[in-house]
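Here is the structure we will look at, set down as structure tokens.
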Amino acid sequence: MEHSLTQSLIRDIPDFPKPGIVFKDITPVLAHPDAFRRVVGDMASYAREVQAEAVAGIESRGFIFGAAVALECKLPFVPIRKPGKLPYKTIREEYELEYGVNAIEMHTDALKAGQRVVVVDDLLATGGTAAAAIRLVRRLGADVVGAVFVVELGFLRGRAALKDMPVRCLVRFD
Ligand code: AMP
């Protein structure tokens, strides 16, 4: 499906959060109910296509889309958070940034073994964050059946980093 409206509502913010990075700001999509609904609807269609049984959203913009998809599909929502935010027992995965490392965490009881999980975030760049999220889900014995993003930065080759994982992105920038 075409997402020209969505694409026109994604705003480039040069040099944010640091010099040389062009930040893709999705807040205009959230402010436009028709576009937001369309994005959530297409992400939810994908979740149904891969027969997901749970939605895992990555902090923080992955919560906005992931929670909406989970409600739309009547599925459980699982937050994947930055370190130190989740109150119960957690597992953690680290991933490399341009400079240094980052980490994300998930509750140990967030998913059941064999549960089919779709991972949701706003944007696929290098794929490091999503790959770490996939490792977290798999450590609980659950099955990642796909990953869905609003935006793909094709030139950063995130799909390659996610190897054989089925990936759906609604808007691509090259
Ligand atoms: P990566 O791990 O390189 O695929 O980066 C993806 C994560 O970082 C996502 O949670 C995005 O929200 C965020 N991100 C990375 N690059 C950008 C960008 N240029 N604009 C907006 N968000 C970004």
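Computed from a prediction, not measured in an experiment: that's the story for all the values here. Atoms within each ligand, like the ligands themselves, are counted from 1 in listed order.
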Let me see the working for Glu59 and Ile80 under side chain to side chain contact (heavy atoms under 4.5 Å, CB included), right down to the final yes or no. CA-CA 6 Å; Glu59 187 170 357; Ile80 294 180; over 6 Å; no

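Hydrophobic cluster membership is shared by Val137 and Ile91, with clusters built from Ile, Leu, Val, Met, Phe, Trp and Tyr side chains linked at under 4.5 angstrom.
Using a 4.0 angstrom heavy-atom cutoff, Gly127 counts as in contact with ligand 1. The shortest separation from a heavy atom of Leu156 to ligand 1 is not under 4.0 Å, leaving the residue out of contact.
Close contacts of ligand 1 with Leu153, meaning ligand atoms under 4.0 Å from a residue heavy atom, involve 19 (N). For ligand 1 and Thr126, the ligand atoms under 4.0 Å from any heavy atom of the residue are 1 (P), 2 (O), 3 (O), 4 (O). Each of the following atoms of ligand 1 lies closer than 4.0 Å to a heavy atom of Asp121: 9 (C), 10 (O).
Nearest to atom 17 (C) of ligand 1 by heavy atom, out of Leu123, Ile21, Ile13, is Leu123.
We find that Glu72 and Arg37 are not joined by a salt bridge, their nearest charged nitrogen and carboxylate oxygen being 4.0 Å or further apart. Contact check on Lys112 versus Glu53 returns no salt bridge, with no Lys/Arg side-chain nitrogen under 4.0 Å from an Asp/Glu carboxylate oxygen. Between Asp34 and Arg38, none of the side-chain N atoms (NZ, or NE/NH1/NH2) sits under 4.0 Å from a carboxylate O, so this pair counts as no salt bridge. Salt-bridge check for Glu105 with Arg81: failed, with every basic side-chain N at 4.0 Å or more from each acidic carboxylate O. By the 4.0 Å N-to-carboxylate-O rule, Lys24 lies close enough to Asp12 to be salt-bridged with it.
When heavy-atom distances to ligand 1 are checked against a 4.0 Å cut-off, Thr129 comes that close through both its backbone and its side chain. By the criterion of a heavy-atom distance under 4.0 Å, the side chain of Asp122, and not its backbone, is placed next to ligand 1. Under 4.0 angstrom from ligand 1, the non-hydrogen atoms of Val22 all belong to its backbone.
With a 4.5 Å cut-off on side-chain heavy atoms, Val167 and Val148 do not count as touching.
Here the protein heavy atom with the shortest distance to atom 13 (C) of ligand 1 is Arg61 NH2, 3.9 Å. Ranking the protein heavy atoms by distance from atom 20 (N) of ligand 1 puts Lys24 N, 2.9 Å first.
Ligand 1 has an N or O atom lying under 3.5 Å from an N or O atom of Ala125, backbone or side chain.
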